[in-house]
Amino acid sequence: MALQTTPEVGGMGHSIKRKEDPRFIRGQGNYVDDIQLPGMLYLDIVRSPFAHAKIKKIDTEKALKIPGVLAVITGETLAKYNLHWMPTLMSDTQMVLPIEKVMYQAQEVAGVIATDRYTAADGVEAVEVEYDPLPVVVDPFKALEPGAPVLRTDKKDKKDNRIFHWEVGDRAGTEKAFAAAEIVVKQSLYLPRIHVASIETCGCVADFDRVKGRLTVYMTTQAPHAIRTVFALVAGHVGLSEEKIRIVSPDIGGGFGGKVPVYPGYVIAVAASVVIGKPVKWIEDRMENLQADSFARDYHITAELAARKDGTMTALRIKTLADHGYTDAAANPSKFPAGLFSICTGSYDLKHAFAEVDGVYTNKPPGGIAYRCSFRVTEAVHTIERMADVLAQELKMDPAELRLKNFIPAEKFPYKSALGWEYDSGNYAAALKKAMEKIGYADLRKEQAEKRKRGELMGIGISSFTESVGAGPSKHFDILGIKMFDSCEIRVHPTGKATARFGTKSQGQGHETTYAQIVAEELGIPAAHVEVEEGDTDTAPYGLGTYASRSTPVAGAAGAMAARKIREKAKKIAAHLLEVGEEDLVWEPGKFSGKGAPQKAKTIQDIAFAAYTNHPPGMEAGLEAVSYYDPPNLTFPFGSYICVVDIDRGTGEVKIRRFVAVDDCGNIINPMIVEGQIHGGLTMGMAPALMEEIQYDENGNIQGGSFMDYLLPTAMETPKWETEKTVTPSPHHPLGAKGVGESATVGAPPAIVNAVVDALAHLGVRHMDIPITPEKVWKILKEKGVAA
Ligand code: MCN
Ligand code: CUN
């Protein structure tokens with residue numbers, strides 16, 4: 001895309017430095033835990049050591065005797081206000097605090113309110129709870145067996161542990177295609193339970209003002225407006241009505257989906273503040289964050305891919321068991337219990353497909369999806385990209401050749417997929433070819449063949465993913481009935497500077513910079529003079545928040561639309577100032593001039609001043625606009641990643657030697673920020689591919705509950721990422737942009753797995769589940785007799 005604005009204005013395409021970084025780099029960010037209010041109290045939470053147990057007794061006497069402990073809140077306390085249960089985003093129900101039984105290890109059992117954090121922790125130690133252990137269901141397959149203990153005894157009609165059955169596609173047509181197939185490959189895959197580990201854990205400061213009857217909650221949320229509405233719906237009956245609630249998301253130290261749901265801690269803090277009339281702070285520690293907050297993945301998948309002998313894919317069939325823990329608290333759009341899993345046909349021109357997903361209750365923490373993934377796209381992409389390699393291996397075909405043969409051709413866009421999506425634009429072959437060229441694919445294959453002769457293990461893996469991000473359109477996407485649009489309000493001040501407010505909330509993505517660049521692009525006001533605000537429901541226009549890489553596709557579009565409304569009014573003012581007709585005006589970023597008279601021009605700053613000092617008779621003063629944007633479609637960013645690994649035959653360690661990522665997110669607002677998103681995303685994709693997993697033993701004890709067992713990559717394990725791009729604009733987005741925030745996390749894991757399997761394929765290895773730990777690899781090497 002040609003740059004329209006100068007570097008000083010800093011519109012689209014300029015890598016201007018992030019406005020937020022001076023405060024972050026200097027440690028001057030304002031996070032929830034930085035907030036100190038007069039008289040503030042602290043909440044700490046008693047948690048269950050059992051995964052499933054009856055609560056016989058909660059004895060608070062000793063705790064209440066500790067000087068500084070003011071109250072112990074239990075399920076019984078909340079039940080008085082009917083606040084002991086709350087709805088989840090998937091219209092299931094979740095305990096705030098239990099009365100009868102606990103359903104997973106680390107579940108909230110009681111809240112202790114004290115004058116400082118340490119006393120609150122002492123109080124937690126002193127609360128005595130008597131439990132009566134119940135049979136634990138950990139395995140989702142066993143949960144569905146007849147005779148399995150029914151977990152949700154609170155649901156009177158519930159006779160089993162199935163939450164939902166969901167299916168999509170043409171079952172009969174797909175079966176026919178499978179019957180007629182020349183070749184069928186089948187593979188089971190497991191994407192384990194993982195957890196985001198943002199630098200900042202979750203927390204809030206709830207501040208109820210008894211005089212005004214007003215509640216302010218500073219909290220780590222990616223969706224402040226939606227949370228306000230949920231609070232009003234849940235607590236309206238105790239007098240918290242929506243205009244009396246203010247949610248403020250200050251700086252957030254990473255969200256990655258984990259800060260979308262409502263956690264019991266927030267509700268307990270709010271209830272405590274309302275009852276006591278003082279501000280109450282609750283901040284999770286690291287272990288609480290890992291053990292009790294929403295998880296991601298936990299999908300048990302069986303996939304079948306049908307093809308012709310020449311490698312043409314003809315049909316895809318997928319069956320999935322989704323472990324949601326004790327309640328379905330997935331942060332999905334309401335109509336999509338399995339999120340956007342139906343993007344599973346990926347980048348391929350598949351005529352027939354059918355997918356089904358069953359959600360299951362187990363004795364684990366609730367949730368689903370939260371981990372840098374647009375509602376289950378990661379699971380879908382992992383499946384199809386793995387299956388493409390399984391098929392290539394079966395046919396002894398090069399995996400790049402197989403992909404190039406099956407890609408949806410560039411001329412077929414907009415493309416209607418077998419499972420109902422309309423892909424907006426794409427050129428998949430161009431991205432893969434660029435990646436192959438950059439990495440030197442042909443030479444690497446030669447090197448690999450030579451190394452194999454010498455017994456060295458080297459593999460090359462490809463992933464050519466398609467993402468679907470930017471929910472709405474609102475006709476398909478809503479959360480608890482709230483339509484998924486987003487918003488922007490721009491105010492241009494008399495001196496030509498602007499304030500722009502959005503319904504989203506940055507957690508590190510750089511919105512203060514990129515949104516300002518959108519305004520700069522559309523109005524020519526330098527990005528440096530556009531102040532961006534988000535996250536305060538008292539000031540920002542209503543929006544659905546930041547997740548699913550929707551900020552650029554939806555709120556960014558709203559920003560462009562609001563700016564265009566301002567330009568329309570500016571044009572009328574310019575015509576008045578220049579004494580010409582509107583039709584005789586020419587716009588270039590930052591000014592209107594008369595046709596054929598470029599020396600007679602009025603800058604946007606002149607016009608802004610006139611809007612308050614000399615506006616045309618009959619026109620309202622001011623220069624402001626608001627836009628609520630409902631996108632006509634999702635955007636479909638894509639890319640091709642190639643990974644080269646070397647495997648140590650002595651230790652089984654996988655070393656990523658090279659990783660080339662070619663991404664396409666349409667027109668780019670800030671190339672440097674996009675590159676940063678991709679670097680971070682790739683590291684976050686490598687993590688589950690090689691390291692991260694949360695397991696439970698048969699009693700439901702968590703095995704990855706601290707950073708001692710839950711491994712995160714550091715700079716030591718992170719390779720040098722090599723990034724490239726192609727640019728295929730979105731035809732329906734006002735700026736031609738697509739989202740990019742999650743692409744790399746979605747695309748990277750299958751590239752890494754494919755590379756490892758490729759290194760071991762000649763030994764008869766066809767698939768490996770993530771995380772690919774040295775131990776797993778070493779066991780294979782040992783079994784095949786090649787361990788050094
Ligand atoms: N961008 C751009 N040009 C494009 C697309 C995006 O310049 N064509 C810029 C945007 O302006 C924005 C950033 O890239 O500054 C990401 O934009 P977008 O793809 O719209 O994603 P969101 O802003 O909606 O961010 C959400 C996404 C998600 S869902 C997760 S999870 C994730 C991610 O962003 N969480 C993050 N990246 C993260 N990065 C940080 N630092 N912290 C997180 O918690
Ligand atoms: Cu699902 S992780 Mo991001 O959409 O916030």
Side-chain angles (χ1 to χ4, degrees), residues 1 11-16 18-21 24 194 196-200 220-223 251-261 294-297 330-333 339-340 367-379 467 469-471 486 502-518 521 527 532 534 543-557 559 635 637 663-684 725 727-730 733 735-746:
M1 201 185 75
M12 279 184 71
H14 291 288
S15 287
I16 63 173
R18 300 205 325 168
K19 292 177 159 211
E20 38 275 89
D21 282 347
F24 289 157
I194 54 173
V196 297
S198 332
I199 294 177
E200 182 200 27
T220 49
T221 177
Q222 300 177 222
D251 285 330
I252 292 187
F256 307 110
K259 289 171 182 162
V260 176
S294 281
F295 69 92
R297 326 288 192 245
N332 283 331
L340 307 189
I369 89 142
Y371 191 128
R372 214 165 181 173
C373 150
S374 181
F375 316 124
R376 304 283 187 197
V377 175
T378 315
E379 290 87 331
E467 259 256 74
V469 305
D486 227 289
F502 292 81
T504 47
K505 175 61 205 164
S506 189
Q507 311 124 40
Q509 294 91 341
H511 291 177
E512 285 164 50
T513 310
T514 47
Y515 282 155
Q517 290 185 266
I518 290 174
E521 175 77 7
V532 170
E534 292 178 294
L544 273 279
T546 289
Y547 43 84
S549 302
R550 63 189 298 281
S551 303
T552 305
V554 194
T635 65
D663 266 278
D664 193 320
C665 58
N667 290 334
I668 289 177
I669 299 155
N670 185 320
M672 181 184 67
I673 285 183
V674 166
E675 204 182 330
Q677 285 291 307
I678 291 167
H679 277 223
L682 289 171
T683 307
M684 242 177 144
K725 62 169 176 281
V727 177
T728 313
S730 168
H733 186 279
L735 301 165
K738 301 181 179 187
V740 77
E742 298 152 305
S743 291
T745 310
V746 169

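Counting starts at 1 for both ligands and their atoms, following the listed order.
Distances from ligand 1 to the non-hydrogen atoms of G666 include no value under 4.0 Å. By the 4.0 Å heavy-atom criterion, G680 is excluded from the residues contacting ligand 1.
Closest to atom 4 (O) of ligand 2, if we only count protein heavy atoms, is A548 N, 2.5 Å. Q677 NE2, 3.2 Å is the protein heavy atom nearest to atom 39 (N) of ligand 1. In terms of protein heavy-atom proximity, atom 19 (O) of ligand 1 is nearest to V740 N, 2.6 Å. Ranking protein heavy atoms by distance to atom 8 (N) of ligand 1, first place goes to N667 O, 2.8 Å. Among protein heavy atoms, atom 3 (Mo) of ligand 2 sits closest to E742 OE2, 3.1 Å. With respect to atom 3 (N) of ligand 1, the closest heavy atom belonging to the protein is I669 N, 3.1 Å. Given atom 40 (C) of ligand 1, the protein heavy atom at minimum distance is G508 C, 3.8 Å. Looking from atom 10 (C) of ligand 1 to the surrounding protein, the closest heavy atom is T552 OG1, 3.3 Å. Closest protein heavy atom to atom 23 (O) of ligand 1: H511 NE2, 2.6 Å. In this structure, atom 7 (O) of ligand 1 lies nearest to the protein heavy atom N670 N, 3.0 Å.
Separating the CG atom in N667 from the CG atom in L735 is a distance of 8.0 Å, to the nearest 0.5 Å. In this structure, the separation between CD on Q517 and OG on S15 is 8.0 Å, given to the nearest 0.5 Å. Remark: T513 OG1 to I16 CD1 distance equals 6.0 Å, nearest 0.5 Å. Taken to the nearest 0.5 Å, the NZ atom of K259 stands 6.0 Å off from the CD1 atom of I252.
Those atoms of ligand 2 that come under 4.0 Å of a heavy atom in R372, given as number and element, are 2 (S). Set against the non-hydrogen atoms of P553, the atoms of ligand 1 under 4.0 Å away are 20 (O). Residue contact check: A548 has heavy atoms under 4.0 Å from atoms 29 (S) of ligand 1. The distance from ligand 1 to the heavy atoms of G255 drops below 4.0 Å at these ligand atoms: 43 (C), 44 (O). For ligand 1, the atoms lying closer than 4.0 Å to a non-hydrogen atom of A737 are 8 (N). The ligand atoms of ligand 1 that sit less than 4.0 angstrom from a heavy atom of I668 are 3 (N), 8 (N). Counting the atoms of ligand 1 from 1 in the order shown, those under 4.0 Å from a heavy atom of V674 are 1 (N), 2 (C), 3 (N), 7 (O). Every atom of ligand 1 is numbered from 1 in the order shown, and the set under 4.0 Å from a heavy atom of T546 is 22 (P), 24 (O), 25 (O), 26 (C). If you number the atoms of ligand 1 from 1 as listed, the ones under 4.0 Å from a heavy atom of G739 come out as 19 (O). Atoms of ligand 2 found under 4.0 Å from any heavy atom of Y371 (numbered from 1 in listed order, with element): 2 (S).
R18 and F24 get closest at one heavy-atom pair: NH2-CD1, 4.1 Å. Of all heavy-atom pairs between E534 and H511, the closest is OE2-ND1, 2.9 Å. Looking at every heavy atom in both residues, A370 comes nearest to A296 through O-CB, 3.3 Å. Among all heavy-atom pairs drawn from T635 and P553, the shortest one is OG1-CG, 3.8 Å. E512 and V532 make their closest contact through O-CG2, 3.6 Å (heavy atoms, listed as atom of the first residue, atom of the second, distance). In terms of heavy-atom proximity, Q509 sits nearest to Q507 at OE1-N, 2.6 Å.
Residue T514 places at least one N or O, backbone or side chain, under 3.5 Å from an N or O of ligand 1. For F256, a nitrogen or oxygen atom sits less than 3.5 Å from a nitrogen or oxygen atom of ligand 1, counting backbone and side chain alike. Checked by distance only, ligand 1 and C373 stay at 3.5 Å or farther apart across all their nitrogen or oxygen atoms. At under 3.5 Å, a nitrogen or oxygen of S551, whether backbone or side chain, sits near a nitrogen or oxygen of ligand 1. Not one N or O of Y371 is nearer than 3.5 Å to an N or O of ligand 1, by distance alone.
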Handout entry: side-chain contact (heavy atoms from CB on, under 4.5 Å) assessment of K725 paired with I678
Key = CA-CA 11 Å; K725 62 169 176 281; I678 291 167; over 6 Å; no
Practice task
Report the C-alpha distance between S743 and Q677 in whole Å, list the side-chain angles of each, state the deciding distance to 0.1 Å, and finish with yes or no for side-chain contact (heavy atoms from CB on, under 4.5 Å).
Solution key: CA-CA 9 Å; S743 291; Q677 285 291 307; over 6 Å; no
Handout entry: Candidate pair Y515 and T504, rule side-chain contact (heavy atoms from CB on, under 4.5 Å), full reasoning
Key = CA-CA 11 Å; Y515 282 155; T504 47; 2.8 Å; yes
Practice task
Could you give me the CA-CA distance, side-chain angles and deciding distance for I669 and I518, then say whether side-chain contact (heavy atoms from CB on, under 4.5 Å) is met?
Solution key: CA-CA 7 Å; I669 299 155; I518 290 174; 3.7 Å; yes
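No hydrogens or angles considered: nothing links the side chains of S374 and E742 as a donor-acceptor pair under 3.5 Å. One side chain, T546 or S551, offers a donor N or O that lies under 3.5 Å from an acceptor on the other.
Contact annotation: for I673 versus ligand 1, heavy atoms closer than 4.0 Å belong to the side chain alone. With a heavy-atom cut-off of 4.0 Å, Q509 touches ligand 1 through backbone and side chain alike.
Heavy-atom proximity to atom 1 (Cu) of ligand 2, evaluated over G257, S374, C373, is greatest for C373. Closest heavy-atom approach to atom 31 (S) of ligand 1 among the candidates H733, E512, R372, E467: R372.
Remark: R297 is not positioned above the aromatic ring of F295, lacking an NZ or CZ atom under 6.0 angstrom from the ring centre and at most 45 degrees off the axis.
A salt bridge does not link E467 to K738: none of the charged side-chain nitrogens sits closer than 4.0 Å to a carboxylate oxygen.
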